[in-house]
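These notes concern the structure reproduced below.
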Amino acid sequence: GTRIIYDRKFLLECKNSP
Amino acid sequence: QELLLAESLGKHPLQNRWALWFFKNDKSKVWQANLRLVTKFSTVEDFWALYSHIQLASKLTSGCDYSLFKDGIEPMWEDSQNKRGGRWLITLAKQQRHTELDRFWLETLLCLIGEMFDDYSDEVCGAVINIRAKGDKIALWTRDAENQEGVTHIGRVYKEHLGLSQKVTIGYQAHADTATKSGSLAKTKFVV
(Lines give C-alpha, C1' and ligand atoms only; values in the text may rest on other atoms or scores of the structure.)
Protein backbone atom coordinates (compact mmCIF):
# COMPACT_ATOMS: atom_id res chain seq x y z
CA GLY A 1 0.00 0.00 0.00
CA THR A 2 0.95 3.64 0.15
CA ARG A 3 3.21 4.99 2.84
CA ILE A 4 2.41 8.15 4.78
CA ILE A 5 5.48 10.35 4.40
CA TYR A 6 6.07 13.82 5.84
CA ASP A 7 9.02 16.04 5.11
CA ARG A 8 10.89 18.00 7.75
CA LYS A 9 9.37 21.34 6.75
CA PHE A 10 5.82 20.03 7.07
CA LEU A 11 6.48 18.40 10.45
CA LEU A 12 7.97 21.63 11.81
CA GLU A 13 5.02 23.65 10.51
CA CYS A 14 2.68 21.34 12.40
CA LYS A 15 4.52 22.20 15.61
CA ASN A 16 3.68 25.84 15.22
CA SER A 17 0.12 25.51 13.95
CA PRO A 18 -2.54 26.23 16.59
CA GLN B 1 -10.16 3.08 11.74
CA GLU B 2 -7.41 4.84 13.64
CA LEU B 3 -6.51 6.79 10.52
CA LEU B 4 -10.12 7.96 10.08
CA LEU B 5 -10.29 8.97 13.74
CA ALA B 6 -7.08 11.00 13.48
CA GLU B 7 -8.33 12.78 10.37
CA SER B 8 -11.71 13.49 11.93
CA LEU B 9 -9.86 15.22 14.79
CA GLY B 10 -7.88 17.33 12.32
CA LYS B 11 -4.68 15.45 13.10
CA HIS B 12 -2.14 14.06 10.66
CA PRO B 13 -1.79 10.29 11.01
CA LEU B 14 1.66 8.71 10.97
CA GLN B 15 2.53 5.58 9.01
CA ASN B 16 3.48 3.86 12.28
CA ARG B 17 2.50 4.11 15.90
CA TRP B 18 5.63 4.94 17.94
CA ALA B 19 6.52 4.30 21.56
CA LEU B 20 8.76 6.57 23.62
CA TRP B 21 10.79 4.84 26.32
CA PHE B 22 12.82 6.35 29.15
CA PHE B 23 15.74 4.69 30.87
CA LYS B 24 17.13 5.95 34.17
CA ASN B 25 20.18 4.26 35.58
CA ASP B 26 19.38 3.02 39.08
CA LYS B 27 22.04 0.51 40.07
CA SER B 28 19.83 -0.95 42.81
CA LYS B 29 17.49 -2.30 40.12
CA VAL B 30 17.97 -4.72 37.25
CA TRP B 31 18.35 -3.18 33.79
CA GLN B 32 14.80 -3.96 32.62
CA ALA B 33 13.27 -2.36 35.74
CA ASN B 34 14.94 0.92 34.84
CA LEU B 35 13.35 0.96 31.40
CA ARG B 36 9.88 2.52 31.28
CA LEU B 37 7.41 3.04 28.48
CA VAL B 38 6.43 6.72 28.57
CA THR B 39 3.69 6.79 25.95
CA LYS B 40 2.68 5.88 22.42
CA PHE B 41 1.50 8.20 19.66
CA SER B 42 0.36 7.91 16.08
CA THR B 43 -0.20 11.46 14.82
CA VAL B 44 2.09 14.40 14.08
CA GLU B 45 0.21 16.56 16.57
CA ASP B 46 0.50 14.01 19.37
CA PHE B 47 4.23 13.75 18.67
CA TRP B 48 4.67 17.51 19.19
CA ALA B 49 2.49 17.51 22.30
CA LEU B 50 4.77 14.85 23.76
CA TYR B 51 8.00 16.46 22.58
CA SER B 52 7.03 19.82 24.09
CA HIS B 53 6.07 18.16 27.37
CA ILE B 54 9.23 16.18 28.10
CA GLN B 55 12.71 17.40 29.00
CA LEU B 56 15.21 18.08 26.29
CA ALA B 57 17.75 15.28 26.08
CA SER B 58 20.57 17.69 26.99
CA LYS B 59 18.86 18.37 30.35
CA LEU B 60 18.71 14.71 31.38
CA THR B 61 21.18 13.44 33.96
CA SER B 62 24.01 11.16 32.92
CA GLY B 63 23.00 7.55 32.61
CA CYS B 64 19.58 8.32 31.14
CA ASP B 65 18.30 7.33 27.68
CA TYR B 66 15.33 8.16 25.53
CA SER B 67 14.31 5.58 22.93
CA LEU B 68 11.72 5.89 20.21
CA PHE B 69 10.70 2.59 18.62
CA LYS B 70 7.92 1.36 16.42
CA ASP B 71 5.06 -0.01 18.49
CA GLY B 72 5.74 -3.67 19.25
CA ILE B 73 9.54 -3.43 19.20
CA GLU B 74 11.27 -3.14 22.57
CA PRO B 75 14.36 -0.90 22.73
CA MET B 76 16.84 -3.70 23.32
CA TRP B 77 18.88 -5.75 20.91
CA GLU B 78 17.35 -8.99 22.25
CA ASP B 79 13.97 -8.12 20.69
CA SER B 80 13.27 -10.49 17.80
CA GLN B 81 12.94 -7.55 15.41
CA ASN B 82 16.28 -6.06 16.50
CA LYS B 83 18.56 -9.01 17.09
CA ARG B 84 19.60 -9.53 13.46
CA GLY B 85 19.94 -5.78 13.02
CA GLY B 86 22.35 -3.06 13.97
CA ARG B 87 22.76 0.65 14.41
CA TRP B 88 24.14 3.75 12.80
CA LEU B 89 26.04 5.32 15.65
CA ILE B 90 26.68 9.02 16.21
CA THR B 91 29.25 9.60 18.95
CA LEU B 92 29.34 13.15 20.24
CA ALA B 93 32.16 15.02 21.88
CA LYS B 94 31.35 16.36 25.37
CA GLN B 95 30.93 19.96 24.24
CA GLN B 96 28.40 18.94 21.56
CA ARG B 97 25.79 18.34 24.29
CA HIS B 98 25.30 22.08 24.43
CA THR B 99 25.58 22.81 20.75
CA GLU B 100 24.21 19.92 18.72
CA LEU B 101 22.74 17.11 20.80
CA ASP B 102 19.12 18.32 20.94
CA ARG B 103 19.11 19.27 17.28
CA PHE B 104 20.54 15.89 16.21
CA TRP B 105 17.98 14.04 18.33
CA LEU B 106 15.05 16.07 16.99
CA GLU B 107 16.23 15.51 13.40
CA THR B 108 16.47 11.79 14.20
CA LEU B 109 12.89 11.76 15.51
CA LEU B 110 11.59 13.65 12.48
CA CYS B 111 13.33 11.18 10.12
CA LEU B 112 11.61 8.30 11.92
CA ILE B 113 8.06 9.59 12.19
CA GLY B 114 8.15 11.19 8.72
CA GLU B 115 9.30 7.85 7.20
CA MET B 116 12.07 9.69 5.37
CA PHE B 117 14.05 6.64 4.22
CA ASP B 118 12.11 6.00 1.02
CA ASP B 119 11.63 2.31 0.19
CA TYR B 120 13.73 1.30 3.20
CA SER B 121 11.66 2.91 5.96
CA ASP B 122 10.36 -0.53 6.94
CA GLU B 123 13.94 -1.49 7.81
CA VAL B 124 13.97 1.10 10.60
CA CYS B 125 13.21 -0.13 14.13
CA GLY B 126 13.85 2.99 16.20
CA ALA B 127 16.47 5.26 17.72
CA VAL B 128 18.20 5.67 21.08
CA ILE B 129 19.94 8.60 22.73
CA ASN B 130 22.36 7.86 25.58
CA ILE B 131 23.30 10.71 27.91
CA ARG B 132 26.69 9.87 29.34
CA ALA B 133 29.38 11.87 31.15
CA LYS B 134 32.09 10.49 28.88
CA GLY B 135 30.19 11.48 25.72
CA ASP B 136 26.62 11.26 24.47
CA LYS B 137 25.51 8.92 21.70
CA ILE B 138 22.63 8.75 19.27
CA ALA B 139 21.91 5.57 17.35
CA LEU B 140 19.44 4.71 14.62
CA TRP B 141 18.51 1.03 14.73
CA THR B 142 17.59 -1.05 11.70
CA ARG B 143 16.30 -4.61 11.54
CA ASP B 144 18.69 -6.43 9.20
CA ALA B 145 22.43 -5.85 9.33
CA GLU B 146 22.87 -8.02 6.20
CA ASN B 147 20.70 -5.71 4.07
CA GLN B 148 23.63 -3.67 2.82
CA GLU B 149 21.61 -1.70 0.28
CA GLY B 150 18.95 -0.75 2.80
CA VAL B 151 21.37 -0.01 5.62
CA THR B 152 23.62 2.20 3.51
CA HIS B 153 20.69 4.07 1.99
CA ILE B 154 19.34 4.78 5.46
CA GLY B 155 22.81 5.87 6.60
CA ARG B 156 23.24 8.31 3.72
CA VAL B 157 19.80 9.87 4.19
CA TYR B 158 20.31 10.07 7.96
CA LYS B 159 23.70 11.74 7.64
CA GLU B 160 22.28 14.28 5.22
CA HIS B 161 19.41 15.13 7.60
CA LEU B 162 21.83 15.63 10.47
CA GLY B 163 23.69 18.09 8.28
CA LEU B 164 27.02 16.29 8.72
CA SER B 165 29.86 17.30 6.46
CA GLN B 166 31.04 14.89 3.76
CA LYS B 167 34.36 14.79 5.58
CA VAL B 168 32.69 13.19 8.59
CA THR B 169 31.95 9.46 8.44
CA ILE B 170 29.47 7.53 10.52
CA GLY B 171 29.66 3.81 11.15
CA TYR B 172 27.16 0.95 11.38
CA GLN B 173 27.60 -1.91 13.83
CA ALA B 174 25.66 -5.17 13.94
CA HIS B 175 24.07 -5.77 17.37
CA ALA B 176 25.47 -9.31 17.29
CA ASP B 177 28.99 -7.83 17.17
CA THR B 178 28.24 -5.14 19.79
CA ALA B 179 26.81 -7.74 22.17
CA THR B 180 29.99 -9.78 22.25
CA LYS B 181 32.46 -6.90 22.45
CA SER B 182 32.63 -3.84 24.63
CA GLY B 183 31.48 -0.56 23.08
CA SER B 184 34.20 0.95 20.98
CA LEU B 185 35.73 -2.42 20.10
CA ALA B 186 32.68 -3.54 18.12
CA LYS B 187 33.61 -3.73 14.47
CA THR B 188 32.15 -1.28 12.01
CA LYS B 189 30.28 -3.09 9.25
CA PHE B 190 29.43 -0.16 6.98
CA VAL B 191 30.54 3.45 6.73
CA VAL B 192 28.91 6.42 4.98
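To find a chain, count down the sequence lines: A is the first, B the second, and so on, and within it residues start at 1.
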- Task: With sequence neighbours left out, write down each residue that passes ring-ring contact (aromatic ring centres under 6.0 Å, His included) with B:W88, or none if nothing qualifies.
- Result: B:Y172
- Message: Membership question, hydrophobic clusters at under 4.5 Å side-chain separation (ILVMFWY): are B:I154 and B:L14 in the same one?
- Response: yes
- Of the listed A:L11, A:L12, A:I5, the one with the largest count of heavy-atom pairs under 4.5 Å with chain B is A:L11
Mind listing the donor-acceptor pairs under 3.5 Å that bridge chain B and chain A?
| unit_1 | atom_1 | unit_2 | atom_2 | d |
| --- | --- | --- | --- | --- |
| B:P13 | O | A:Y6 | OH | 2.6 |
| B:Q15 | OE1 | A:I4 | N | 2.7 |
| B:W48 | NE1 | A:L11 | O | 2.7 |
| B:E107 | OE1 | A:R8 | NE | 2.9 |
| B:E107 | OE2 | A:R8 | NE | 2.9 |
| B:E107 | OE2 | A:R8 | NH2 | 2.7 |
| B:G114 | O | A:Y6 | N | 3.0 |
| B:E115 | OE1 | A:R3 | NH1 | 3.3 |
| B:D122 | OD1 | A:R3 | NH1 | 3.0 |
| B:D122 | OD2 | A:R3 | NH2 | 3.4 |

- Message: With clusters defined by side-chain heavy atoms of hydrophobic residues (ILVMFWY) lying less than 4.5 Å apart, directly or transitively, does B:Y66 cluster with B:L37?
- Response: no
- Query: In terms of heavy-atom contacts, does NZ of B:K189 have more than 12 from other residues, nucleotides or ligands at under 6.0 Å?
  - Reply: yes
- Residues, nucleotides or ligands: over 12 heavy atoms within 6.0 Å of B:E78 CD: yes
- Task: Indicate the atoms forming the closest heavy-atom contact of B:V44 with A:C14, along with that distance.
- Result: CG1-CB, 3.5 Å
- Message: In this structure, would B:V128 and B:L106 fall into the same cluster of hydrophobic residues linked by side-chain contacts under 4.5 Å?
- Response: no
- Message: Is it the case that atom CZ in B:R97 sees more than 12 heavy atoms from other parts of the structure closer than 6.0 Å?
- Response: yes
